[in-house]
Novice: 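Could you have a look at this structure, given as structure tokens, before my questions?
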Amino acid sequence: MPELPEVEITVRGLAPVLEGQRLASVVMRRADLRYPFPADLGQRLTGATVTGLGRRAKYGLIHTDREDTLVFHLGMSGRWRVDPSEADKHDHLLIETGAGRVAALNDPRRFGFVDLVRTDALAAYPPFAAIGPEPLGEALSARHLYDAFDGRSAPVKALLLDQRVVAGLGNIYVCEALHMARIAPNRAGGRIALPRLERLVDAIRDVLAAAIAAGGSTIRDYAQPDGELGYFAKQWRVYGREGQPCGCGATVKRRAEGGRSTFWCPVCQRG
DNA sequence: ATGTCCACCTGCTGGC
DNA sequence: TGCCAGCAGGTGGACA
């Protein structure tokens, strides 16, 4: 589910529930997700006060006054449910605040994980160390992509999915951004001229901003923490639209490679 | 180093 | 109705 916009929406949804609140209880309903929960997660979080929330790439950050940050990744099917009306068997981690609010980390496929990291050492946290620039900030530029793509023969789509090149993009938004920029997904990254990369950077920023504004893309199990759906799926131009018309009238195509699907318009995205 | 495929896990859908 | 194949937002390890 969750690419940058969905994680951003998740963090924004958790903030009013957790920020400034003392954590009254932390319950792990199983020992692990993709990785084991930190053994001392409960002790280190219980009684701590949440000082703020943040996001890096597709990782959510819950900072506490004990100089620990809870880092979470939602994998493919993770989401946080706020004040769930009934329990679900995939609620794996439950956090209750002193005010009696509950945040439940729900993840049927368990590809997500949580970790506890010293806040002052976040930059050196191994998963963050090599992550590329945030696409919504100044650090992402056409020049950055040009340098990152230099000499690479891999399809531009694969390069954009590499979190070391740009942070936070996944299969949906890469397909959408490439369509907006009119670049063929299988084009070798190293053979795209700078002006087209300018277009690509604009497209990445535009599609992510629009998705955040719409509350993310709801597919299957994704929802915002308050249960509201994300409506960006209605704005997909190519993703999930195999056989349907592109805005130009041509038919959207799909190709599966390495277990993932790429959607594109063969007319709009020629080169 | 680079590119490609696969496993990890559960749930849902569509075809027979 | 049941069963089975195929598919799904991510990541990282194993290959050639």
Side-chain angles (χ1 to χ4, degrees), chain A residues 1-11 29-36 55-60 71-80 88-92 105-115 125-132 135 147-178 185-191 204 207-208 211-212 214-225 229-236 238-243 254-263:
Chain A
M1 163 250 331
E3 304 181 32
L4 184 154
E6 291 75 31
V7 178
E8 181 66 27
I9 291 294
T10 296
V11 163
R29 306 277 310 286
R30 55 177 297 124
D32 59 70
L33 293 177
R34 176 174 184 161
Y35 308 122
R55 179 191 58 73
R56 175 75 172 108
K58 300 172 191 171
Y59 297 82
V71 177
F72 65 84
H73 194 290
L74 298 174
M76 289 279 263
S77 59
R79 64 184 169 119
W80 282 93
D88 182 275
K89 67 174 173 174
H90 299 301
D91 289 342
H92 305 306
L105 178 60
N106 184 283
D107 186 358
R109 293 176 75 180
R110 305 202 304 273
F111 289 167
F113 68 89
V114 301
D115 205 353
Y125 181 51
F128 291 4
I131 288 181
D147 292 342
F149 291 177
D150 186 36
R152 306 288 297 272
S153 63
V156 58
K157 189 206 173 197
L159 296 175
L160 290 175
L161 286 172
D162 183 342
Q163 301 297 294
R164 295 169 299 185
V165 172
V166 198
L169 296 178
N171 206 28
I172 294 175
Y173 298 107
V174 164
C175 289
E176 292 297 303
L178 287 170
N186 63 349
R187 176 86 181 177
R191 298 205 289 136
I204 289 169
V207 74
L208 294 177
I212 291 170
S217 297
T218 287
I219 320 177
R220 284 174 286 282
D221 32 29
Y222 172 76
Q224 300 183 47
L229 302 179
Y231 293 101
F232 191 70
K234 295 183 192 309
Q235 296 179 48
W236 290 342
V238 287
Y239 187 84
R241 299 194 63 247
E242 179 188 18
R254 169 164 110 60
R255 177 174 57 225
E257 307 141 296
R260 320 210 68 189
S261 289
T262 298
F263 298 88

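Each chain gets a letter, A, B and so on, in the order its sequence line appears, and its residues count up from 1.
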Novice: Within the 4.0 Å heavy-atom criterion, would you say A:Pro127 contacts the bases, only the backbone, or no part of the nucleic acid?
Specialist: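 If one applies the 4.0 Å heavy-atom cut-off, A:Pro127 turns out to touch nothing in the nucleic acid.
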Novice: Any side-chain N or O of A:Gln163 under 4.0 Å from OP1/OP2 of C:dT11?
Specialist: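 For C:dT11, OP1/OP2 do have a side-chain N/O of A:Gln163 under 4.0 Å.
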Novice: Applying a 4.0 Å non-hydrogen cut-off, can you work out what A:Arg152 is touching in the nucleic acid: base, sugar-phosphate, or nothing?
Specialist: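 Answer is sugar-phosphate: A:Arg152 comes under 4.0 Å of backbone atoms only.
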Novice: Measure the shortest side-chain to side-chain distance between A:Glu257 and A:Asn186 over non-hydrogen atoms and say whether it is less than 4.5 angstrom.
Specialist: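 No, side chains not in contact.
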Novice: Please give, in whole Å, the distance from C:dG6 C1' to A:Arg255 CZ?
Specialist: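 Between C1' of C:dG6 and CZ of A:Arg255: 19 Å.
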Novice: Rounded to whole Å, please give me the gap between CG in A:Asp162 and C1' in B:dC5.
Specialist: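 Between C1' of B:dC5 and CG of A:Asp162: 16 Å.
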Novice: Go through B:dC9, B:dT4, B:dT2 for me and flag the one nearest to the A:Pro155 side chain.
Specialist: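 The answer is B:dT4, which lies nearest to the side chain.
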Novice: Closest approach to the side chain of A:Arg109, judged atom by atom: which nucleotide of C:dA8, C:dG12, B:dG3 is it?
Specialist: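 Ranking C:dA8, C:dG12, B:dG3 by closest atom to the A:Arg109 side chain puts C:dA8 first.
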Novice: Taking the six-membered ring for Trp, are A:Trp236 and A:Phe263 ring centroids under 6.0 Å apart?
Specialist: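 No, too far apart.
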Novice: Considering every strand shown, what is the Watson-Crick or G-U wobble mate of B:dC9 when both distances are under 3.5 Å?
Specialist: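 Result: none.
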Novice: Does CZ in A:Arg30 sit with more than 12 non-hydrogen atoms of other residues, nucleotides or ligands closer than 6.0 Å?
Specialist: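 Yes - once you tally the heavy atoms of other residues, nucleotides and ligands closer than 6.0 Å, there are more than 12.
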Novice: Any side-chain N or O of A:His73 less than 4.0 Å from the OP1 or OP2 oxygen of C:dG10?
Specialist: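 For A:His73, the contact criterion (side-chain N or O under 4.0 Å from OP1 or OP2 of C:dG10) is not met.
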Novice: Measure from the side chain of A:Lys58, starting at C-beta and using heavy atoms only, and say which of C:dT11, B:dT4, C:dA8 lies closest.
Specialist: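 Closest nucleotide to the A:Lys58 side chain: C:dT11.
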Novice: Starting the side chain at C-beta, find the nucleotide from B:dG3, C:dG10, C:dC7 nearest to A:Phe111.
Specialist: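 So the side chain of A:Phe111 is nearest to C:dG10.
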Novice: So A:Phe113 and A:His73, would you call those rings parallel, tilted or perpendicular, with 30° and 60° as cut-offs?
Specialist: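 Parallel: the ring planes of A:Phe113 and A:His73 meet at under 30°.
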Novice: Just the rounded figure in Å: distance from P of B:dC8 to CG of A:Leu74.
Specialist: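 Result: 22 Å.
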Novice: Taking the side chain as C-beta and beyond, is there a heavy-atom pair between A:Pro5 and A:Phe232 under 4.5 Å?
Specialist: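 No; the side chains remain at least 4.5 Å from each other.
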Novice: I'd like to check A:Leu160 versus A:Val166 (side-chain heavy atoms, cut-off strictly below 4.5 Å). Are they in contact?
Specialist: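 Yes; the side chains approach each other to less than 4.5 Å.
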Novice: Distance check needed: C:dA8 C1' versus A:Tyr239 OH, whole Å only.
Specialist: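 One finds 6 Å between C1' of C:dA8 and OH of A:Tyr239, rounded.
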Novice: Let's see if you can work this out: which of B:dT10, B:dG3, C:dG12 has an atom nearest to the side-chain heavy atoms of A:Ala154?
Specialist: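 Shortest atom-to-atom distance from the side chain points to B:dG3.
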Novice: Taking only the P atom of each, what is the distance from C:dC3 to B:dC9 in whole angstrom?
Specialist: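 Straight-line distance between the two P atoms is 23 Å.
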Novice: If I take atom CG in residue A:Leu159 and atom P in nucleotide C:dT11, what distance separates them, rounded to the nearest angstrom?
Specialist: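 It works out to 15 Å between those atoms.
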Novice: Find which nucleotide of DNA chain B each of A:Glu257 and A:His90 is nearest to by heavy atoms, and output the residue with the more 5' nucleotide.
Specialist: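 The residue closer to the strand's 5' end, by nearest nucleotide, is A:Glu257.
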Novice: Using a 4.0 Å heavy-atom cut-off across all strands, classify A:Phe113 as base, sugar-phosphate, or nothing.
Specialist: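 It contacts nothing in the nucleic acid.
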Novice: Report yes if a side-chain nitrogen or oxygen of A:Ser77 is closer than 4.0 Å to either non-bridging phosphate oxygen (OP1 or OP2) of B:dG11; otherwise report no.
Specialist: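 No, A:Ser77 has no side-chain N/O under 4.0 Å of OP1/OP2 on B:dG11.
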Novice: Would you mind telling me which of C:dG10, C:dG12, B:dT10 lies closest to the side-chain atoms of A:Arg260?
Specialist: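 When the side chain of A:Arg260 is considered, C:dG10 is the closest of C:dG10, C:dG12, B:dT10.
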Novice: At 4.0 Å (heavy atoms only), tell me whether A:Arg254 reaches a base, stays on the sugar-phosphate, or touches nothing.
Specialist: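 Sugar-phosphate contact only - A:Arg254 comes under 4.0 Å of backbone atoms but never of a base.
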Novice: B:dG3 phosphate, OP1 or OP2: any side-chain N/O from A:Ser153 under 4.0 angstrom?
Specialist: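 Checking B:dG3 against A:Ser153, a side-chain N or O does come within under 4.0 Å of OP1 or OP2.
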Novice: To the nearest Å, how far apart are A:Met76 CE and C:dG6 P?
Specialist: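 Going from CE in A:Met76 over to P in C:dG6 covers 17 Å.
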Novice: Would you say CZ of A:Arg255 has more than 12 non-hydrogen atoms from neighbouring residues, nucleotides or ligands within 6.0 angstrom?
Specialist: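 More than 12 within 6.0 Å, yes.
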Novice: When the distance from CG of A:Leu161 to P of B:dG3 is rounded to whole Å, what number comes out?
Specialist: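 To the nearest whole Å, that distance equals 13 Å.
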Novice: For B:dG11, does either OP1 or OP2 sit under 4.0 Å from a side-chain N or O belonging to A:Lys89?
Specialist: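 Yes, because at least one side-chain N or O of A:Lys89 sits under 4.0 Å from OP1 or OP2 of B:dG11.
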Novice: Once you round it to whole Å, what is the distance between P of C:dG12 and CZ of A:Arg164?
Specialist: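 These atoms are roughly 10 Å apart.
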Novice: Of the nucleotides C:dG10, B:dG3, C:dG12, which has the atom closest to the A:Pro2 side chain?
Specialist: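 Per side-chain heavy atoms of A:Pro2, the pick is C:dG10.
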